[in-house]
Amino acid sequence: MNKIFRYDYVYPDIVNALELKAKNSGTVLILADDLLSHVPDTALIKNKAIIMNMNFQVNVDYCYRLAHELSHILYGDHDAQAVYQFSEYGKRGEELLAHRNAIKMLMKIKVPSNPINFMDYYRIPSWLEKDVIKTFRKVTIVE
């Protein structure tokens, strides 16, 4: 794919870390630039594949979306569902777990200076603020 996306030059270290994590887990990452803007990113559990819609019109950042979908494959209940589609509003079950694991994954890649900056940087929905603060406290206490 020759198309240059916004994330290619803004935070390549974070993108590279997520893509390496996917590769090391045997997960295939497909960057689709020919999907309609309302088609969400998708995790195919049994196939260990993630389709990232590069045209997806959502307020959440690409890295957070990728970490979320990767979380379904790495940490999710593989018997619960075969396919997951990204929703920034998914507050129950496997979706909430994927949101929380995405936050942890990103904080392990690069510890933020504070929770609010982290949320702004990745454009994480405000309803996840308590989870971000809780994870930030755990990550900064460990270090």
Side-chain angles (χ1 to χ4, degrees), residues 1 3-33 35 37-143:
M1 215 179 264
K3 188 173 180 180
I4 297 176
F5 297 104
R6 180 181 161 277
Y7 68 83
D8 285 338
Y9 56 88
V10 176
Y11 36 68
D13 54 329
I14 297 167
V15 173
N16 290 338
L18 289 170
E19 289 177 350
L20 183 61
K21 193 170 197 69
K23 181 180 177 182
N24 288 343
S25 71
T27 302
V28 175
L29 178 60
I30 300 163
L31 303 179
D33 63 357
L35 298 174
S37 63
H38 67 276
V39 176
D41 305 315
T42 304
L44 306 165
I45 304 304
K46 304 260 188 254
N47 300 88
K48 288 186 83 170
I50 297 171
I51 302 168
M52 296 299 294
N53 180 0
M54 304 314 293
N55 299 317
F56 190 32
Q57 295 296 312
V58 67
N59 292 327
V60 181
D61 180 76
Y62 170 84
C63 285
Y64 180 78
R65 293 172 19 227
L66 176 55
H68 176 97
E69 297 307 328
L70 189 54
S71 292
H72 281 302
I73 292 173
L74 297 178
Y75 311 117
D77 179 355
H78 295 175
D79 296 325
Q81 203 166 316
V83 177
Y84 290 94
Q85 293 186 315
F86 183 83
S87 170
E88 64 186 288
Y89 306 109
K91 298 181 181 182
R92 295 179 16 206
E94 287 292 307
E95 284 305 309
L96 180 57
L97 182 63
H99 282 303
R100 289 175 174 162
N101 283 326
I103 291 165
K104 290 176 193 172
M105 190 183 304
L106 290 168
M107 281 195 192
K108 286 180 181 178
I109 293 170
K110 184 174 181 180
V111 179
S113 58
N114 68 60
I116 302 306
N117 286 351
F118 178 82
M119 291 185 72
D120 287 344
Y121 190 78
Y122 294 108
R123 297 190 313 271
I124 296 174
S126 61
W127 66 268
L128 285 162
E129 183 176 353
K130 288 180 183 177
D131 291 298
V132 170
I133 291 169
K134 183 178 176 182
T135 303
F136 177 77
R137 287 182 181 148
K138 287 180 182 177
V139 169
T140 54
I141 288 172
V142 171
E143 295 198 350

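Hydrogens, waters and symmetry mates play no part in the numbers below; they use all other heavy atoms, side chains included.
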Evaluate the side-chain proximity of Leu29 to Leu66: yes if any heavy-atom separation is below 4.5 Å, no if none is. yes

Least distance between heavy atoms, Ala67 atom then Leu106 atom: CB-CG, 4.0 Å

Measure the spacing between NZ of Lys110 and CG of Asp13 and express it to the nearest 0.5 Å. 5.5 Å

Closest heavy-atom pair, Asn53 versus Arg65, reported as atoms and distance to 0.1 Å, is O-NH2, 3.0 Å

Give a yes or no on this: more than 12 heavy atoms of other residues, nucleotides or ligands lie within 6.0 Å of atom NZ of Lys48. yes

Over all atoms of both residues, closest heavy-atom pair of Ile14 and Cys63: CG2-SG, 3.7 Å

Asp120 versus Ile116: any side-chain heavy-atom pair under 4.5 Å? yes

Residue pair Ile133 / Pro115, side-chain heavy-atom distance below 4.5 Å: yes

Say whether, by atom type as modelled, one donor and one acceptor occur between the side chain of Arg123 and the main chain of Val58 under 3.5 angstrom. no

Closest heavy-atom pair and its distance - Asn101, Tyr75: ND2-CB, 3.4 Å

Taking the side chain as every heavy atom from C-beta outward, state whether Asp41 and His68 have any atom pair closer than 4.5 Å. no

Check Tyr64 against Ala102 and note the closest heavy-atom contact, atom names and distance. CE1-CB, 3.7 Å

Interatomic distance, CD1@Ile103 vs OG@Ser71, rounded to 0.5 Å, equals 9.5 Å

Quick one: are Asp131 and His99 in side-chain contact, heavy atoms under 4.5 Å? no

Say you draw a straight line from CZ of Phe118 to CD1 of Ile124; how long is it, rounded to the nearest 0.5 Å? 4.0 Å

Would you sort out whether Thr135 and Arg100 count as a side chain to side chain contact (heavy atoms under 4.5 Å, CB included), showing the intermediate values? CA-CA 8 Å; Thr135 303; Arg100 289 175 174 162; over 6 Å; no

Rounded to the nearest 0.5 Å, how far does CE of Met52 lie from CD of Glu69? 6.5 Å

Heavy-atom side-chain contact between Tyr122 and Val132 under 4.5 Å: no

Met119 versus Pro125, closest heavy-atom pair with distance: CE-O, 3.4 Å

Can you check whether Tyr62 reaches Leu18 side chain to side chain, under 4.5 Å on heavy atoms? no

Inter-residue atom distance Thr42.OG1 - Asn47.CG, 0.5 Å rounding: 12.0 Å

Contact check, side chains of Leu35 and Phe56, non-hydrogen atoms, under 4.5 Å: no

With rounding to the nearest 0.5 Å, note down the distance linking CD in Glu19 to CD1 in Ile50. 10.0 Å

